[in-house]
Amino acid sequence: MEQKDWDDLQELMGQPYGSMKLQCDQFTVSLVQHAQPLSRKWVTYVYVDGYSRGEWCLADENGEPKHEVARRFLRKSSKAFFSTKEIDAHRKIFGKRQAAELAAKRHVWFHSDWTNFKSLKKHLIANNSSIQRIE
């Protein structure tokens, strides 16, 4: 895509309910603006080939996506399994080594919504070799 196409996309994503279709390698990607009711913000949702499937949001034990679609188009999030308070209590009982193992465990999942256009653009460019705008 050219810079003008990215500027048009950013302008559309700045408007309520804006949408655009892209051809990213062999996938047809729809980017659609939606209102997020809890945070009262506009977010960009990603639909791949017309779908947003829950199975794409899963990650394996190492934090890697189970599906190629998640790696290419979805936003990665992670959270620690145990709080700092729990890790400190575990350190007192079992020692530093086991507490460090607990601190390293994280829950990883993927989201189909993006709140920042620049991060979406950067992610698409980094993970796809060919991006074309579909009129």
**Study point:** Distance-only polar pair, side chains of S129 and D25, donor-acceptor under 3.5 Å
**Key:**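 Yes, side-chain donor-acceptor contact under 3.5 Å.
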Review point. Does the side chain of W109 come under 3.5 Å of the side chain of H107 through a donor N or O and an acceptor N or O?
Key: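 No, no side-chain donor-acceptor contact under 3.5 Å.
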Are [Y] and [X] connected in a single hydrophobic cluster, I mean Ile/Leu/Val/Met/Phe/Trp/Tyr linked by side-chain heavy atoms less than 4.5 Å apart?
X: L58; Y: F81; answer: no
X: V29; Y: W6; answer: yes
X: W56; Y: Y47; answer: no
X: Y51; Y: L124; answer: yes
X: M1; Y: V48; answer: yes

Please report the shortest heavy-atom distance between [X] and [Y], naming the atom on each side.
X: V32; Y: S19; result: CG2-CB, 4.0 Å
X: V108; Y: K76; result: CG1-CE, 3.6 Å
X: F94; Y: Q98; result: CB-OE1, 3.0 Å
X: Q33; Y: Q15; result: CG-O, 3.5 Å
X: V43; Y: Q36; result: CG1-OE1, 3.5 Å
X: C24; Y: R72; result: O-NH1, 4.4 Å

What distance do [X] atom [atom1] and [Y] atom [atom2] have between them, rounded to the nearest 0.5 Å?
X: E2; Y: D7; atom1: CD; atom2: CG; value: 11.0 Å
X: E101; Y: K96; atom1: CD; atom2: NZ; value: 14.5 Å
X: I134; Y: T28; atom1: CD1; atom2: OG1; value: 4.5 Å
X: I87; Y: K105; atom1: CD1; atom2: NZ; value: 11.0 Å
X: S119; Y: K122; atom1: OG; atom2: NZ; value: 9.0 Å
X: M13; Y: N116; atom1: CE; atom2: CG; value: 13.5 Å

Decide yes or no for [X] and [Y]: does some side-chain heavy atom of the first lie under 4.5 Å from some side-chain heavy atom of the second?
X: H67; Y: P65; result: no
X: L31; Y: L120; result: yes
X: F110; Y: R75; result: no

Exercise for review: Measure from the side-chain N and O atoms of H123 to the backbone N and O of R71, and report whether any donor-acceptor pair falls under 3.5 Å.
Suggested key: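 Answer holds: yes.
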Lys/Arg N to Asp/Glu carboxylate O, [X] vs [Y], below 4.0 Å:
X: D8; Y: K4; value: yes
X: K66; Y: D60; value: no
X: R91; Y: D88; value: yes

Check your understanding: Excluding sequence neighbours, so at least two apart, what forms ring pair (Phe, Tyr, Trp, His ring centres under 6.0 Å) with Y17?
Key ->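 Checked Y17 against ring pair (Phe, Tyr, Trp, His ring centres under 6.0 Å); matches are W42.
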Exercise for review: Return yes when atom CD of Q26 has more than 12 non-hydrogen atoms of other residues, nucleotides or ligands closer than 6.0 Å, and no otherwise.
Suggested key: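 Check passes, neighbour count above 12.
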**Study point:** Ring centers of F73, F27 separated by less than 6.0 Å
**Key:**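 Yes; F27 has its ring centre under 6.0 Å from that of F73.
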